[in-house]
Amino acid sequence: QVQLVESGGGLVQPGGSLRLSCAVSGNIFSIGDMAWYRQAPGKERELVARITRGGSTDSADFVKGRFTISRDNAKNTVFLQMNSLNPEDTAVYLCYALVLRYANTIYITYWGQGTQVTVSS
C-alpha cells in the first residue's frame, strides 16, 4: 500500500506565498519522478512542475520564475514553493509519484488526493 498526502494549501492574498508538501508512505523501495499538477474548476488537469529522482526539474511556462519544485529523498517528500501567487493559480494541487514498491519490479503511478490553493484578496 502506497499513499500520497499533500499539505500546505490554503487561502493567500495575491502576491503571497505558499509551500506545498507531499509525503509518500507505505511500501517503498524507491521513488522515481515526482510532480505537481493542478486542476481549476471547469478546467483540465495540467502539469505544474516535475522533478526526477536526481533532482532535474521542469516546470510549466505559467509558473516559471515563481514556483520551485524540490524533493527530499530521505523523507520521500516533494515540495512546491509557490511565490508571487495570483488568482489564476487558484486550483486543487495534486501530487504525483512513480513508486517502485519492490526491487526488480516496475514503477507504479500514484496520485495524492489534492490540496486546495485559493488566491484571493
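Only this structure's heavy atoms are used, side chains among them; waters, hydrogens and symmetry mates stay out.
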V24/T77 under side-chain contact (heavy atoms from CB on, under 4.5 Å): CA gap, chis, key distance, verdict: CA-CA 6 Å; V24 184; T77 301; over 6 Å; no
Euclidean distance, Q13 CD relative to S121 OG, rounded to 0.5 Å: 7.0 Å
Residues, nucleotides or ligands: over 12 heavy atoms within 6.0 Å of R45 CZ: yes
Of all pairs that satisfy salt bridge (Lys or Arg N to Asp or Glu O under 4.0 Å), the ones with a partner from residues 7-33, not counting sequence neighbours: none
Between CG on residue L80 and CE on residue M34, distance to nearest 0.5 Å: 12.0 Å
G9 backbone acceptor or donor facing T115 side chain under 3.5 Å: yes
Side-chain hydrophobic cluster, 4.5 Å single linkage: members besides I106: none
Closest approach of R38 to A91 (non-hydrogen atoms, all atoms of both residues): CB-CB, 3.9 Å
Audit row: T118, V12, side-chain contact (heavy atoms from CB on, under 4.5 Å) steps and yes/no: CA-CA 6 Å; T118 302; V12 64; over 6 Å; no
Compile the donor-acceptor pairs under 3.5 Å between side chains in residues 59-68 and protein atoms, sequence neighbours left out, one pair per line.
unit_1: K64; atom_1: NZ; unit_2: S59; atom_2: O; d: 3.2
unit_1: R66; atom_1: NH1; unit_2: S84; atom_2: O; d: 3.0
unit_1: R66; atom_1: NH1; unit_2: D89; atom_2: OD2; d: 2.7
unit_1: R66; atom_1: NH2; unit_2: F62; atom_2: O; d: 2.7
unit_1: R66; atom_1: NH2; unit_2: D89; atom_2: OD1; d: 3.0

Side-chain touch N27/Y102, heavy atoms, less than 4.5 angstrom: yes
CD1-OG1 distance between I31 and T52, expressed to the nearest 0.5 angstrom: 13.0 Å
Nearest atoms (heavy-atom pairs only) where W36 meets S21: CH2-O, 3.6 Å
R101 vs I28, side-chain contact (heavy atoms from CB on, under 4.5 Å): CA-CA, chis, key distance, verdict: CA-CA 5 Å; R101 296 187 297 162; I28 302 167; over 6 Å; no
Heavy-atom side-chain contact between N86 and P14 under 4.5 Å: no
Cluster check L4, F79: I/L/V/M/F/W/Y, side chain < 4.5 angstrom: no
From M82 atom CE to L18 atom CG, the distance as rounded to the nearest 0.5 Å: 4.5 Å
Donor-acceptor under 3.5 Å (T90 side chain, V119 main chain): yes
Within residues 67-83 or reaching into it, pairs that qualify as salt bridge (Lys or Arg N to Asp or Glu O under 4.0 Å) - sequence neighbours excluded: none
Verdict with reasoning, R53 to S30, per side-chain contact (heavy atoms from CB on, under 4.5 Å): CA-CA 9 Å; R53 178 174 179 80; S30 182; 3.4 Å; yes
Cluster companions of Y96 among Ile, Leu, Val, Met, Phe, Trp, Tyr (side-chain spacing under 4.5 Å): F29, Y37, L47, V92, L94, L98, L100, Y107, W111
Cluster check V5, L20: I/L/V/M/F/W/Y, side chain < 4.5 angstrom: no
Student check: side-chain heavy atoms of L11 and S120 closer than 4.5 Å: yes
Residues forming a side-chain hydrogen bond (donor to acceptor under 3.5 Å, both in side chains) with S70, sequence neighbours excluded: none
E6 and Q113: CA distance, side-chain angles, deciding distance, side chain to side chain donor-acceptor pair (under 3.5 Å) verdict: CA-CA 7 Å; E6 301 101 330; Q113 81 287 351; 3.2 Å; yes
